[in-house]
Number of protein chains: 2
Amino acid sequence: MPPDSRTASPTRPMRADARRNYDRILAAAAEAIAEHGAEASLEEIARRAGVGSATLHRHFPSRRRLLEAVFRDKVEALCATAADLAADPDPGHALSTWLRAVARHAVSNRGLATALMQGSHDGDPTLGGTCHSMITSAGADLLHHAREANAARPDVTITDLLKLVNAISLAVEQEPDGADQADRLLTLALTGIHSAAEPAGR
Amino acid sequence: MPPDSRTASPTRPMRADARRNYDRILAAAAEAIAEHGAEASLEEIARRAGVGSATLHRHFPSRRRLLEAVFRDKVEALCATAADLAADPDPGHALSTWLRAVARHAVSNRGLATALMQGSHDGDPTLGGTCHSMITSAGADLLHHAREANAARPDVTITDLLKLVNAISLAVEQEPDGADQADRLLTLALTGIHSAAEPAGR
DNA sequence: GTACGATATGGAGGGCCACCCCGTTTTCGC
DNA sequence: GCGAAAACGGGGTGGCCCTCCATATCGTAC
């Protein structure tokens, strides 16, 4: 969330020092999360950023908000990819390509899967532009097209699919060959146990 | 791990007080984990058991060991189920039935999925009878039969399948309708996105 | 350029936790 | 019973998350 120009309310722009600290914290958080995952110590992030822990908590009242901010641009990129793929003549292929892209991002950015998973079901109902909701609506479109083309069974929801992708990503996040494993598991999940060797995705 | 009669080494039997405390801790842990999941506070477990926290740490040097002990019997039950199903005339059906059973247990016993996931890849290489290895070898047999009957693609491993099941279970563990969701997601994963409505599992 | 109100800061402290040290208590073989 | 060996647990250390509030900094109006 770009700290100035908030949703609708005409908040006055941030003071220069606040802005500076905000950015420093974000950078430090990105580093720390890359190293230690979504559970990285908030105190250490504050330490790295050279600010007091209170400052961190003022800018990001919950770990969730921090994750959201850290991964906002990655999520936007994924949404853009979805928009591109929406024009693909093979909607089934587009959908599975996109899900694969989500998985790839999630395993190479520790913490992303966690950020994508966290719906707004826990307090704090004032979140409209969460990673979760952004990615969900981006994917809903692709699924919609796939369904029309009979490339996805009608009872499956985008929430199901993303839950699957994120669950897989989380599970392999700390394995050394995470990317490979995620890809193989996702393939498995998309095409089923039985099909022999066919790339059934297209 | 039944605290006396350890693997091969002729450890002398536990002292009565140690045994008593061991059992109390196990009972308290089962309660606490059921309430708060795999991350339940060890101090609170000790408190509930009426022992000092040092005693807990002496009996269970890591959270992992505690989880293993708490869920040992559930895991054994799942292994027994696998053994029964190995005789099923339809090995593909047997495999998917078993995986479903694993998922069902995992969602109704908070923390089980976590216990099943933890391989021995983190230090402590002295673990032969972990939940992870027990369940893996139980499932390997089922998968083997399924493969021979051409009911599973040859490139999928039991590790893949269990990772999938546990990832799903973990992901839905805190949702209110976890059992339903796990089942729907597992079905999805086993049969693939595309198949229309057929119960492709058999 | 200065003064002043609004805004932002961070050190200190509280509550919780995992884990360990070591003096004390309990058990068990004799 | 007795004494050595085994087990115990209070309390300490250090980490974590989060909040309070006295202080420092910023932006602006003059």
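Chain letters run A, B, ... following the sequence lines, proteins first and then strands; every chain starts at 1. Treat the numbers as computed from the prediction; the structure is a model and nothing was measured. We use all heavy atoms of the structure for the numbers below, so side chains are in, but hydrogens, waters and symmetry mates are not.
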Starting at [atom1] of [X] and ending at [atom2] of [N], how long is that distance when rounded to a whole Å?
{"X": "B:R47", "N": "C:dC19", "atom1": "CZ", "atom2": "P", "answer": "15 Å"}
{"X": "B:L42", "N": "C:dC16", "atom1": "CG", "atom2": "P", "answer": "16 Å"}
{"X": "B:I45", "N": "C:dC17", "atom1": "CD1", "atom2": "P", "answer": "11 Å"}

Expected list for residues 37-45 of chain A: side-chain donor-acceptor pairs under 3.5 angstrom, two or more places apart:
from	atom 1	to	atom 2	distance (Å)
A:S41	OG	A:E43	N	3.2
A:S41	OG	A:E44	N	3.1
A:E44	OE2	A:R48	NE	3.0
A:E44	OE2	A:R48	NH2	2.8

Q: For DNA chain D, note the earliest and the latest nucleotide, 5' to 3', having some atom under 4.0 Å of a heavy atom belonging to chain A.
A: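 Listed 5' to 3', the contact boundaries are D:dC16 to D:dG27.
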Return all side-chain donor-acceptor pairs below 3.5 angstrom for residues 163-171 of chain B, not counting sequence neighbours, or 'none' if the list is empty.
from	atom 1	to	atom 2	distance (Å)
B:K163	NZ	A:Q181	OE1	2.6
B:N166	ND2	B:L162	O	3.1
B:S169	OG	B:V165	O	2.9

Taking only residues two or more places apart in sequence or in another chain, which ones pass side-chain contact (heavy atoms from CB on, under 4.5 Å) with [X]?
{"X": "A:R104", "value": "A:A101"}
{"X": "B:A149", "value": "B:P91"}
{"X": "B:D84", "value": "none"}

Q: Report, as a single string ordered 5' to 3', how protein heavy atoms within less than 4.0 Å touch nucleotides 6-14 of chain C: B base, S sugar-phosphate only, - not at all.
A: BBSBBB---
Q | Chi angles and distances behind the side-chain contact (heavy atoms from CB on, under 4.5 Å) call for B:T97, B:T81 | A | CA-CA 10 Å; B:T97 301; B:T81 304; over 6 Å; no
Q. If you find the nucleotide of DNA chain C closest to B:A40 and the one closest to B:A16, which residue's nucleotide is nearer the 5' end?
A.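 First, find each residue's nearest nucleotide; the 5'-ward one identifies B:A40.
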Q: Can you sort out the partners of B:H105 under ring-ring contact (aromatic ring centres under 6.0 Å, His included), two or more places apart, ordered by chain and number?
A: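 Partners of B:H105 by the ring-ring contact (aromatic ring centres under 6.0 Å, His included) criterion come out as none, since no residue qualifies.
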Q) Under the ring-ring contact (aromatic ring centres under 6.0 Å, His included) test, which residues partner A:H59, sequence neighbours left out? A)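 Result, ring-ring contact (aromatic ring centres under 6.0 Å, His included) vs A:H59: A:Y22.
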